[in-house]
Amino acid sequence: MNQQAGRTPSEAPAVSADGLGKVFRVPDGRGGHTTHAAVRDVSFEVAAHGSLGIVGESGSGKTTIARMLVGLERPSSGTIAVMGRDRSRPPRRGAERNRRAHELQIVFQDPYTSLDPRQSARSAVDEVIRHHTSLDGPQRAERLAELVDQVGLTNRQADARPCDLSGGQRQRVAIARALAAGPRVLVLDEAVSALDVSIQAQILNLLADIRAATGIAYLLISHDLAVVRQLCDDVLVLRRGRVVEQGACARVLDHPTQEYTRALRAAAPVPGWRPPGVAR
Amino acid sequence: MTDATPLLELRGLGVQLPGDGGPRAVLHGIDLTLGAGEALGLVGESGSGKSMTMRAITGLLPPGAQLDGTVRFEGEDIAAMAPSTLRRYRDRGVGMVFQDPRAHINPTRRIGSFLTEALTLNRGLGRRAAQARAIATLSEVGIDEPERRLRQYPHELSGGMLQRVMIASVLLAEPRLLLADEPTTALDVTIQAEVVGILDQLRRDRGLGMVFVTHDLDLALAVCHRVAVMYAGRIVEVRSAERMHEENAHPYTRGLLGSRPAIDHRAERLTAIPGRPVSAFEAGPGCAFATRCAHVQPLCRERPPELAPFRGGLVRCHRVAEIHQETSDGTSSQEATA
Ligand SMILES: Nc1ncnc2c1ncn2[C@@H]1O[C@H](COP(=O)(O)OP(=O)(O)OP(=O)(O)O)[C@@H](O)[C@H]1O
Ligand SMILES: Nc1ncnc2c1ncn2[C@@H]1O[C@H](COP(=O)(O)OP(=O)(O)OP(=O)(O)O)[C@@H](O)[C@H]1O
Ligand SMILES: [Mg+2]
Ligand SMILES: [Mg+2]
C-alpha cells in the first residue's frame, strides 16, 4: 500500500504512515472530559534501509507517533504499515504480535526504566535472542558475543547489572537488546538526548556503523536538529501534532521553506550564534 | 571590570565530601575571577563539578563537606564573614537560577505571593509597593500581562514562563552576582534562546556578574565573555569565548568540540572521546583526562599538570605545546584527523 512514485518498487518502505491521527480524552478541569488531538493527519515514509528524523518541540506529538508504531497506542485515524504490512489495529494473535516485535524495536530516552534492574546485560540480550530466533545454544552464544561487541560493551560491563553501569553503557545495553530481535526498523525516541556529549558522540557513531553494516532503517525522534542531521537522510518537522515540513535533511535544514523550521534552526546554538538581542 | 577588587574571586577552591573509604575530592584547585558586568561560562559533562562550584560560591555545601581555598565576594572571604553579613550576601549579594523552576517554587502558592514575600518580610515594603515592584520586574523579563500573572498558580504557566518568574524573583533581591545553573536545559530551544537573551540583557543593564553553567559549549560561548572547561573537578582550559573555536588547546576541549554534531553538515565521523567522564575522586595521581586522552605519555599518568598560560588562555596539559605543534602541521587546529 501507499507505494510512492520515485521509490524502487521492489522494496516496500520500512515504515509508512498515512493520515495518522491520535485524539486523547482528557479531563476538562470541571469534572467532564474534552478531547486533545495530539497527532493530526501525519503522513511520512521511512525508505527501506533509510533513516528519518522527527523533530519538534515538547508536546508536538513525537512520542505519541512512536507509541502508535510499536502498538502501545492505537491510532484514532489513518494507517501505519511496517515492511508493507498494516499495523493500524492491535494484533489478533500471539504470532502476529511476535512478528511485529521482530520487525520493529524501540529504544527510549531513559533505558533505566526499561531494563530489568536484576538482570545483567548478557542475560537480557540472550532472552531476546532466545525469544526471536531459533538459534541453537552455540549459535546463540555466538550471536550474543557479536551483539555485545557490536555495541562496544566490555565483558565485565555485559555481566554487570544496570545500576552499576553509566548512562551511556545502559543505552548500549538497550540498543543491543533491541537489535537482538533482528528488527528491520529501529525507533529511537530521544535515545541520545540525556547522554553526556562525549558519550552521545560514541552512540551516534555506533548507530551509523550499525546501519552501514546491517541496512537497518531508523526512525529517530529528537528535539536536536544537529543530532538528526548527523544520523538521518530525511527529516520531518512536527508542530502541535501537524507536519510543518518534510524532506531531505540538507534541503529542509539548509533551505527551510516554513517560518517555524527557520525559527527552530535560528534558535539552535551553533558556533557564532547569538541569542536574540545579544550583541558583543 | 576595571575595578581593582573583582566581584568574585575563587582561589585554590577544593571540596571534599565524606565517602565510604574516607573523604572524596569532588573539586580541586579552582582559581577563577569575575568582574561586575562580566559573564563567565562553566562547561563540562555530568559530575565534573559545575554545580558543586556554584554551591561553594554560596557557601551552601552538603553536610560534612570540607572546603579548601577561599571564596571572596567583593574582596571579603565568605568563610570569615559574620553570620549577619553572610546572610546578607546570600539574600542580596548573590542570586541563583536553577535548571528546573518547578522544583524550586511552591505549587500551592500564587505567583504574586511567591514574588512579594521576601520584599514584604525582609525588606519592609508594603503590599502595594511590593506588588508594583513585582509587576515591573515581570515586565523586565518579558512577561506580558504581569498583573494577571500574579494571581496565577505555577502549574498554569509553561516551563519557559516559569523560568522567567524565577529570574524575576532573583532580580527582586537586586543581587550583584547571578549564578545560573543549567537555566535552560529543561526548555525548548526557541524558549532557551529567549531566556538566555533576557539573562544577557539583564547582565548588561544592571552590570551583573554572571556565572553561567551548562554542558553545551556553544551555548556558553554565545552568552559569556570567558569560558572555563571543567573535567573531573578541575578546570582544564580557560579562554575568551571569542577565541575558543580557533585557539582551543586541551585535548578534552577539542574532544568536546569534535563530539558535537553540526546543524549544517554531516560529519563523516564524530571525533568521539573514548570511555566516560570521571569524577575527581576516580582520577589517578596524574592528569585526570589521561585515561581517555589520545596523546597520553607516561608523564601524564604520574604527575598532575598545572593550569598554565598557552596561546592567550590557560591550559592544564603537560603536552599542550607538542600537541599544538603536531596538529597544526597541515591539519586544521580543531580536528586532529587520524
Ligand atoms: N495518554 C495521554 N493522555 C492525554 N494526553 C496525552 C497522552 N499522551 C500524550 N498526551 C498529550 O499529547 C501531546 C503530545 O505528547 P507527546 O508525548 O507525543 O509529545 P512529544 O513531542 O514526545 O514531547 P516531548 O518532546 O516533551 O517528549 C501532549 O500535549 C501530551 O500532553
Ligand atoms: N550531595 C552530594 N553528596 C555526595 N556527592 C555529591 C553530592 N553532590 C554531588 N556529588 C558528587 O560531586 C561530583 C560533582 O557533582 P556536581 O553536581 O558538581 O556535577 P555537575 O558538573 O553539576 O554535573 P551535572 O552536569 O550532572 O549537573 C560528582 O561526582 C557527584 O557525584
Ligand atoms: Mg517525547
Ligand atoms: Mg549540575
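Each chain gets a letter, A, B and so on, in the order the sequences are listed, and its residues count up from 1. A quick note: this is a predicted structure, and the numbers were derived from the prediction, not measured.
- Counting heavy-atom pairs under 4.5 Å between each of Gly159(B), Gly47(B), Gly255(B), Pro277(B) and chain A puts Pro277(B) at the top.
- Exactly one residue among Leu217(B), Val43(B), Leu256(B), Leu270(B) makes a side-chain contact (heavy atoms from CB on, under 4.5 Å) with Val197(A). That residue is Leu256(B).
- By the ring-ring contact (aromatic ring centres under 6.0 Å, His included) test, Tyr231(B) pairs with Tyr252(B), Phe289(B), sequence neighbours left out.
- Residues Ile263(B) and Arg229(A) have side chains not in contact (no heavy-atom distance under 4.5 Å, counting atoms from C-beta outward).
- With a 4.5 Å cut-off on non-hydrogen atoms, Glu45(B) touches chain A through its backbone and its side chain both.
- Contact tally against chain B (heavy-atom pairs below 4.5 Å) for Ala267(A), Ser198(A), Cys232(A), Ala208(A): the top residue is Ser198(A).
- Checked against ring-ring contact (aromatic ring centres under 6.0 Å, His included), Phe212(B) has no partners two or more places apart in sequence or in another chain.
- Taking the side chain as every heavy atom from C-beta outward, Arg265(A) and Asp264(B) approach each other to under 4.5 Å.
- Remark: Arg25(A) CZ is loosely packed, at most 12 non-hydrogen atoms of other residues, nucleotides or ligands lying under 6.0 Å away.
- Heavy-atom distances place both the backbone and the side chain of Ala268(A) under 4.5 Å from chain B.
- For Asp216(B), the part sitting under 4.5 Å from any heavy atom of chain A is the side chain, from C-beta outward, and nothing else.
- Using a 4.5 Å heavy-atom threshold, the side chains of Val189(B) and Pro269(A) count as touching.
- Under the side-chain contact (heavy atoms from CB on, under 4.5 Å) test applied with Arg266(B), the options Val228(A), Leu231(A), Asp233(A) reduce to a single match, Asp233(A).
- No side-chain heavy atom of Ser259(B) sits less than 4.5 Å from a side-chain heavy atom of Leu204(A).
- For the options Ile273(B), Thr190(B), Leu219(B), Ile198(B), heavy-atom pairs under 4.5 Å to chain A are most numerous at Thr190(B).
- The stretch residues 187-195 of chain A places none of its residues near chain B, where near means some heavy atom under 4.5 Å from a heavy atom of that chain.
- For residues 236-258 of chain A, a heavy-atom distance under 4.5 Å to chain B picks out Leu253(A), Asp254(A), given by residue number.
- More than 12 heavy-atom neighbours from other residues, nucleotides or ligands sit within 6.0 angstrom of CZ on Arg102(B).
- Put simply, of Val227(A), Leu264(A), Asp224(A), the one with the most heavy-atom pairs under 4.5 Å next to chain B is Asp224(A).
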